[in-house]
2 protein chains.
Amino acid sequence: MTTVDGYELQARLLRALSHPVRLRILNLLVKREACVCHLTAVLRRPQPYVSQQLAVLRDEHLVAGRREGTIVYYRISDHHVAAWLSHGRQLAADGEDSSAMFPPVPEGALPDCPCPACQAEHSGGHHQSQSGDAAAGQPVRARDQS
Amino acid sequence: MTTVDGYELQARLLRALSHPVRLRILNLLVKREACVCHLTAVLRRPQPYVSQQLAVLRDEHLVAGRREGTIVYYRISDHHVAAWLSHGRQLAADGEDSSAMFPPVPEGALPDCPCPACQAEHSGGHHQSQSGDAAAGQPVRARDQS
DNA sequence: ACAATGTATGCATGTTTCCGAATATAGAAT
DNA sequence: ATTCTATATTCGGAAACATGCATACATTGT
């Protein structure tokens with residue numbers, strides 16, 4: 001039995017969370033799942049950069065990806081953790097105006113986002129996949145880890 | 001007005017917490033305040049090392065120090081954060097046996113701890129300060145920060 | 001083959017971690 | 001007062017790790 005140090009585990013989890021962009025990503029995904037291109041548009045960061053941060057969150061099982069065609073949709077893995085994080089946000093704000101510190105994200109579709117979901121939603125009609133709604137995408141594999 | 005990014009603040013807080021030794025320190029201090037020598041004995045780490053980790057926690061106002069003579073007693077600054085952390089521990093354990101992952105700390109006085117509180121308590125009688133219980137020590141000053 | 005979307009790799013730069021030594025600080029002894 | 005001891009903090013540096021970018025690679029669909 002390998003003596004697992006719980007503090008080490010918790011520290012790893014916290015470290016994965018201790019980054020402003022990753023916190024923003026999680027906050028975006030709480031409301032609904034989103035594709036990488038969507039996150040790229042909202043965060044205004046280069047796509048490889050966003051993908052990298054998603055990989056960090058994935059490695060700690062904080063988010064999970066679902067592939068549909070060429071597009072990968074990410075979502076929160078564990079909403080308990082999300083709720084816990086949201087609680088922590090209030091503690092971090094600590095009396096300040098938290099609605100000013102954590103401005104709400106533009107909801108819904110973005111003109112900047114090239115994914116078909118956003119494009120369709122943005123032009124008025126609701127989304128209808130052109131390749132047929134597959135039942136469920138394959139989970140995105142995690143990087144090999146020691 | 002400087003545009004304060006709440007995510008940055010929360011990330012800093014999380015980063016200060018994302019270290020196994022610092023998590024252990026906080027967990028120790030939840031039950032009661034403790035002097036640096038006590039923490040040093042429990043954690044079995046060199047004293048400067050413990051002091052350094054305490055400084056990180058101090059800079060984020062997670063703990064506060066109170067000096068009594070040559071001894072500095074540290075305690076949790078914000079028990080809301082402590083409760084939140086404890087909640088996070090359950091999430092990190094996630095189904096595993098959390099009492100095995102976070103073994104309870106030896107309570108009370110330690111033979112290894114040289115501070116008079118521990119020595120007195122350890123030799124049977126309850127603690128009676130030899131220099132008279134001063135009302136309250138001076139708070140330990142934080143490092144100058146930019 | 002080609003284009004579109006995501007992921008991984010390599011690297012320069014900066015930060016964290018940990019240690020040993022030096023420094024401060026408080027009290028006691030001479 | 002001066003020195004001595006005990007406690008705690010800070011400093012300087014080496015190794016490990018994180019960050020952000022540019023580029024290369026992989027996968028899917030046309």
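In what follows, chains are A, B, ... by sequence order, proteins preceding strands, each numbered from 1.
Taking atom CG on Leu14(A) and atom C1' on dC17(D), their separation rounds to 17 Å, with Å as the unit. Straight-line distance from the CD atom of Gln47(A) to the C1' atom of dC21(D): 14 Å, rounded to whole Å. Look at CD1 on Ile71(A): it is 7 Å from P on dT5(C), rounded to the nearest Å. In this entry the distance linking CD of Glu68(B) with C1' of dA8(D) reads 15 Å, nearest Å. Atom-to-atom, CG of Leu54(B) to P of dT7(D) comes out at 16 Å; the value is rounded to the nearest Å. To the nearest angstrom, P of dG10(C) lies 13 Å from CD of Gln52(A). The CG atom of Leu57(B) sits 16 Å away from the P atom of dA8(D) (whole-angstrom rounding). Between His19(B) atom NE2 and dT15(C) atom P the separation is 18 Å, expressed in whole Å.
Between dT7(D) and Thr70(B), no contact under 4.0 Å exists linking OP1 or OP2 to a side-chain N or O. For dT5(C), the OP1/OP2 oxygens have no side-chain nitrogen or oxygen of Tyr74(A) closer than 4.0 Å. Within the structure, every side-chain polar atom (N or O) of Gln53(B) is placed at least 4.0 Å from both OP1 and OP2 of dT16(C). Side-chain N/O atoms of Arg22(A) include one lying less than 4.0 angstrom from OP1 or OP2 on dT19(D). In this structure, Ser51(B) reaches the dT9(D) phosphate: one of its side-chain N or O atoms is under 4.0 Å from OP1 or OP2. Residue Arg15(B) has a polar side-chain atom (N or O) positioned under 4.0 Å from OP1 or OP2 of dT19(D). For Arg67(A), no side-chain nitrogen or oxygen approaches OP1 or OP2 of dT5(C) to under 4.0 Å. One finds no side-chain N or O of Tyr73(A) lying less than 4.0 angstrom from the OP1 or OP2 phosphate oxygen of dG6(C). For dG20(D), one of the phosphate oxygens OP1 or OP2 lies less than 4.0 angstrom from a side-chain nitrogen or oxygen of Tyr49(A).
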Side-chain atoms of residues 14-21 of chain B: list all donor-acceptor pairs with protein atoms under 3.5 Å, sequence neighbours left out, distances to 0.1 Å.
residue, atom, partner, partner atom, Å
Ser18(B), OG, Arg15(B), O, 2.8
His19(B), ND1, Val21(B), N, 3.1

Distance-only criterion, 3.5 Å: show the donor-acceptor pairs between side-chain atoms of residues 82-90 of chain B and protein atoms not counting sequence neighbours.
residue, atom, partner, partner atom, Å
Trp84(B), NE1, Trp84(A), O, 2.8
Arg89(B), NH1, Asn27(B), OD1, 2.8

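Contact annotation for Pro48(B): base contact, defined as any heavy-atom pair under 4.0 Å involving a base atom.
Not a single donor-acceptor pair under 3.5 Å links the side chain of Arg66(A) to the backbone N or O of Glu68(A).
Within the 4.5 Å cutoff, side-chain heavy atoms of Ile25(B) are placed close to those of Gln53(B). At a threshold of 4.5 Å between non-hydrogen side-chain atoms, the residues Leu13(A) and Leu62(A) count as touching.
Inspection of the Tyr74(A) and Arg58(A) side chains reveals an N or O donor paired with an N or O acceptor under 3.5 Å.
Of the residues near DNA chain C, Ser18(B) and Thr40(A), the one whose nearest nucleotide (by heavy atom distance) lies more toward the 5' end is Thr40(A). When the nearest nucleotides of DNA chain D are assigned to Gly69(A) and Arg45(A) by heavy-atom distance, the more 5′-ward of the two goes with Arg45(A).
The side chain of Ala55(A) lies closest to dA8(C), out of dA8(C), dT10(D), dA8(D).
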